[in-house]
K.L.:
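Before I ask anything, here is the structure I am working with.
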Amino acid sequence: MDRSFDEKVYEVVRRIPRGRVTTYGQIGALLGDRFLARAVGNALHRNPDGEKTPCYKVLNSRGELAKAFVFGGEEEQARRLRSEGIEVRNGRVDLAKYGWRPEASAYELEKRLGG
DNA sequence: GGGGTGACGCGTC
DNA sequence: CGACGCGCCACCC
């Protein structure tokens, strides 16, 4: 009954803190393989529930939004990001400022320590 | 089982 | 900055 790859991706996305973003590559790396980045993008493209899984918080390695954002396109994605206080300029977000590294999060640390 | 698709990432020009 | 090329992968025919 192992969860499908897509579901694992959604789980990670649901843990992204409010006001922060992450990238396809970082999620892939967290799931065990940096080359999964492309598959992560595909998984989000198939996201069945935009409310439950805030995929608008996932960007590419350069902090750029997705032209093919499923729930309304790039503009809608920008609006959702801004609604969390995240700045979007020229279709891009400053990862140094808003980026979240899942593998270094307190949540992960706690989990590894057996919390 | 074989082949196409795509919200990727990185190097190169 | 933009345009390719290439490697890789899960999904879906």
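These numbers were taken from a predicted model, which means no experiment stands behind them. Every chain is numbered from 1, with letters handed out A, B, ... down the list of sequences.
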K.L.:
Without decimals, in angstroms, what is the distance between A:Arg92 CZ and C:dG2 P?
P.N.:
8 Å
K.L.:
Does OP1 or OP2 of B:dC10 have a side-chain N or O of A:Ser61 closer than 4.0 Å?
P.N.:
yes
K.L.:
Starting from P on C:dG2, measure out to CG on A:Asn90 and report it in whole angstrom.
P.N.:
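So the CG-P distance, A:Asn90 to C:dG2, works out to 10 Å.
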K.L.:
As a test of reading the structure: which of C:dA10, C:dC1, B:dA7 is closest to the side chain of A:Leu36, going by heavy atoms?
P.N.:
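Of C:dA10, C:dC1, B:dA7, C:dA10 is nearest to the side chain of A:Leu36.
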K.L.:
Identify, between A:Arg34 and A:Val58, the residue whose nearest nucleotide on DNA chain B lies closer to the 5' end.
P.N.:
A:Val58
K.L.:
Any idea which of C:dC9, B:dA7, B:dG9 is nearest the A:His45 side chain?
P.N.:
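Nearest listed nucleotide: B:dA7.
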K.L.:
Would you call A:Leu59 and A:Leu65 a side-chain contact if the rule is heavy atoms closer than 4.5 Å?
P.N.:
yes
K.L.:
For A:Asn42, answer base if it contacts any base atom (sugar-phosphate contacts may also be present), sugar-phosphate if it contacts only those atoms, and nothing otherwise; contact means non-hydrogen atoms under 4.0 Å.
P.N.:
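Here A:Asn42 touches the bases of the nucleic acid.
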K.L.:
Let's see if you can work this out: which of C:dC11, B:dG9, B:dA7 has an atom nearest to the side-chain heavy atoms of A:Ser4?
P.N.:
C:dC11
K.L.:
I need the CD-C1' distance between A:Glu64 and C:dG2, as an integer number of Å.
P.N.:
11 Å
K.L.:
Categorize A:Val70 for me: base, sugar-phosphate, or nothing, with a 4.0 angstrom heavy-atom threshold over every strand shown.
P.N.:
base
K.L.:
May I ask you to say what A:Phe5 touches in the nucleic acid, namely base, sugar-phosphate or nothing, with a heavy-atom cut-off under 4.0 Å?
P.N.:
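Sugar-phosphate contact only.
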K.L.:
Rounded to whole Å, how long is the line connecting atom NZ of A:Lys67 with atom P of B:dG6?
P.N.:
16 Å
K.L.:
Please give, in whole Å, the distance from B:dA7 P to A:Tyr10 OH?
P.N.:
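So the OH-P distance, A:Tyr10 to B:dA7, works out to 12 Å.
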K.L.:
Please confirm whether the shortest side-chain N or O distance from A:Arg62 to OP1 or OP2 of C:dC1 is below 4.0 Å.
P.N.:
no
K.L.:
Nearest whole angstrom, please: distance from the P of B:dC10 to the OH of A:Tyr24.
P.N.:
14 Å
K.L.:
Decide yes or no for A:Lys8 and A:Leu36: does some side-chain heavy atom of the first lie under 4.5 Å from some side-chain heavy atom of the second?
P.N.:
no
K.L.:
With salt bridge (charged side-chain N to carboxylate O under 4.0 Å, His left out) as the test, would you mind laying out the steps for A:Glu76 and A:Arg80 before giving the verdict?
P.N.:
CA-CA 6 Å; A:Glu76 175 58 22; A:Arg80 295 190 184 191; 2.9 Å; yes
K.L.:
Which base, if any, makes a Watson-Crick or G-U wobble pair with B:dA7, both distances under 3.5 Å?
P.N.:
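In the structure as shown, B:dA7 has no Watson-Crick or wobble partner.
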K.L.:
Side chains of A:Tyr98 and A:Glu84: is there a donor and an acceptor less than 3.5 Å apart?
P.N.:
no
K.L.:
Rounded to whole Å, please give me the gap between CG in A:Asp33 and P in C:dC9.
P.N.:
6 Å
K.L.:
Measure the shortest side-chain to side-chain distance between A:Phe71 and A:Asn47 over non-hydrogen atoms and say whether it is less than 4.5 angstrom.
P.N.:
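Yes - at least one pair of side-chain heavy atoms lies under 4.5 Å apart.
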K.L.:
Given atom CZ of A:Arg46 and atom P of B:dG6, what is their separation to the nearest angstrom?
P.N.:
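It works out to 12 Å between those atoms.
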K.L.:
What does A:Ala37 touch in the nucleic acid at a heavy-atom separation under 4.0 angstrom: a base, only the sugar-phosphate, or nothing?
P.N.:
sugar-phosphate
K.L.:
Side chain of A:Asp6: nearest nucleotide among C:dA10, B:dG9, C:dC9?
P.N.:
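Minimum distance to the A:Asp6 side chain belongs to C:dA10.
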